[in-house]
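In this chain, residues are counted from 1 in sequence order. Everything numeric here is computed off the predicted structure, so don't read it as measured data.
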Amino acid sequence: MSKTTNEAKEIKKKSKKKSTAFDITYRAVTAVLAVAVFPIAYFMNLIYYALDWTNAMKLMNNISDIFNSESLLEGIKNFFLPSSDPTEQVTELTDGYICLAKLDEFKSMIDLASSEGSVNIRELLLHNAQLRPLVISLALFAVVLVLALVILIISIFKNKPKIIAAIAGAGTVLGFVSNAVFVTRFANPLIDGTTTLSSVLGSDSILLQVFGDVVELRYENAFFTVLFIMIAILIWSLAVIIVNSDDEAEKAIKRAKKAERKAKKAQRQAKKAEKQAKKASQTLKEEQKKTAE
């Protein structure tokens, strides 16, 4: 075995020890990031909503005016022709959050506002065409969570930064698409009045019709934190790939292997030259014998 081969093996052993520690660190950090996705998605707020119930307040005030007016006729007149004084135009808002861990509370609120008394959320999501963009958006978000689970499994059992980077990249893209579908196809129509809250929830409740002006609707911390983690895993994996590609030990191994190939080639050429020399010597001896005879 040549000296060059031994040097190559020594360099390879040292680089393996260094890469093992680095690989364990990479896999541990990736696993921690991936596993953090699930409690964040479950316990943090997923959707923020703000409702304008100015109309409800006006209605209540006008009804109160009817009974407090000096004459019934004046009260009815004020009810149908309220004052247009800008100083009297007060906006009343109520807002809240939807969290996966507290869906029962949100369902109770919907049941309270519904004319039917109890709303089947699953049936509503599956059969209401106006909720289809929301279903698509949530489905894409669910795929992102599944991809995070795949990343967790891979990081536990294998050191595959390239595969993890590809999966994290796919999760990042799906996250942006999910948000775009939610905003453009679901939230904006509710905010600009194209779609009403009562029609979306499939209810003819007067309460929903009065409280149904959506002022703001957006994804909240749970969604964007999960998306941020996927981006972090992507950047972390790409950094590891770059570091590994630029590793000096890997370069030294390549140089040693190249030198080893050259040495083997030189050995083969030397053996070939030796055979040719022996053949030439044998030919010379035979010619000398013939000359002596």
Side-chain angles (χ1 to χ4, degrees), residues 16 19-49 96-107 110 120-128 131-187 217-245:
K16 276 186 176 180
S19 63
T20 300
F22 184 75
D23 292 345
I24 291 173
T25 303
Y26 165 72
R27 290 165 60 186
V29 172
T30 305
V32 169
L33 289 173
V35 79
V37 163
F38 303 103
I40 287 171
Y42 186 73
F43 290 106
M44 291 181 71
N45 296 322
L46 180 62
I47 296 174
Y48 170 80
Y49 62 88
Y97 298 90
I98 300 174
C99 174
L100 293 179
K102 298 178 180 179
L103 275 181
D104 289 341
E105 296 179 10
F106 179 72
K107 184 180 182 304
I110 296 298
N120 190 324
I121 299 294
R122 183 175 177 274
E123 291 294 323
L124 192 65
L125 290 173
L126 291 177
H127 296 99
N128 192 335
L131 282 174
R132 196 163 295 149
L134 175 62
V135 173
I136 294 172
S137 180
L138 291 175
L140 292 174
F141 182 61
V143 174
V144 174
L145 299 181
V146 172
L147 293 179
L149 178 62
V150 174
I151 289 174
L152 175 62
I153 294 171
I154 293 175
S155 61
I156 290 173
F157 295 103
K158 295 285 184 180
N159 180 45
K160 299 290 184 181
K162 291 182 179 179
I163 295 176
I164 290 176
I167 296 173
T172 301
V173 172
L174 288 177
F176 282 112
V177 173
S178 174
N179 184 57
V181 171
F182 181 86
V183 172
T184 61
R185 306 291 293 176
F186 182 68
L217 187 63
R218 66 172 186 265
Y219 272 131
E220 257 297 316
N221 296 336
F223 179 87
F224 290 107
T225 305
V226 169
L227 184 57
F228 173 80
I229 289 175
M230 295 302 285
I231 294 173
I233 293 174
L234 172 61
I235 295 173
W236 171 234
S237 299
L238 290 176
V240 169
I241 293 170
I242 293 171
V243 169
N244 286 341
S245 64

Result block: side-chain N/O donor-acceptor pairs under 3.5 angstrom for residues 169-178, not counting sequence neighbours:
| from | atom 1 | to | atom 2 | distance (Å) |
| --- | --- | --- | --- | --- |
| T172 | OG1 | A168 | O | 2.9 |
| S178 | OG | S137 | O | 2.7 |
| S178 | OG | S137 | OG | 3.0 |

Side chain to side chain, V144 and L227, heavy atoms closer than 4.5 Å: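 No. Closest side-chain heavy atoms not under 4.5 Å.
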
Within a strict 4.5 Å, meaning less than it, do heavy atoms of the Y26 and V243 side chains meet?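 No; the side chains remain at least 4.5 Å from each other.
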
Side-chain donor-acceptor distances from residues 34-43 under 3.5 Å, at least two apart:
none

With side chain to side chain donor-acceptor pair (under 3.5 Å) as the rule and sequence neighbours excluded, what pairs involving residues 220-236 come up?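 Sorted result for residues 220-236: T30-W236, R218-E220.
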
Checking F182 now: which residues fulfil ring-ring contact (aromatic ring centres under 6.0 Å, His included) with it, not counting sequence neighbours?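 For F182 the ring-ring contact (aromatic ring centres under 6.0 Å, His included) partners, ignoring immediate neighbours, are F186, Y219.
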
Those residues that, when tested against Y97, pass ring-ring contact (aromatic ring centres under 6.0 Å, His included) (two or more places apart):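 Once residues adjacent in sequence are excluded, the partners of Y97 under the ring-ring contact (aromatic ring centres under 6.0 Å, His included) criterion are Y48.
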
Distance, nearest 0.5 Å, that separates [atom1] of [X] from [atom2] of [Y]:
{"X": "L140", "Y": "I136", "atom1": "CG", "atom2": "CD1", "value": "7.5 Å"}
{"X": "L46", "Y": "L103", "atom1": "CG", "atom2": "CG", "value": "8.5 Å"}
{"X": "I164", "Y": "L33", "atom1": "CD1", "atom2": "CG", "value": "10.5 Å"}
{"X": "N45", "Y": "L100", "atom1": "CG", "atom2": "CG", "value": "10.0 Å"}

Pairing residues for K162 by the side chain to side chain contact (heavy atoms under 4.5 Å, CB included) criterion, not counting sequence neighbours: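 Only I241 meet the side chain to side chain contact (heavy atoms under 4.5 Å, CB included) criterion with K162.
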
Qualifying residues under side chain to side chain contact (heavy atoms under 4.5 Å, CB included), relative to V135, sequence neighbours excluded: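 Residues passing side chain to side chain contact (heavy atoms under 4.5 Å, CB included) with V135: L125.
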
Shortest non-hydrogen contact between L238 and A165, atoms and distance: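 Scanning both residues, the minimum pair turns out to be CD2-CB, 4.2 Å.
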
Distance-minimising heavy-atom pair for M230 and I167: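 Nearest pair, atom of M230 first, then I167: CE-O, 4.2 Å.
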
Could you pull out all donor-acceptor pairs under 3.5 Å where a side-chain atom in residues 151-158 meets a protein atom, sequence neighbours excluded?
| from | atom 1 | to | atom 2 | distance (Å) |
| --- | --- | --- | --- | --- |
| S155 | OG | I151 | O | 3.0 |
| S155 | OG | L152 | O | 2.8 |

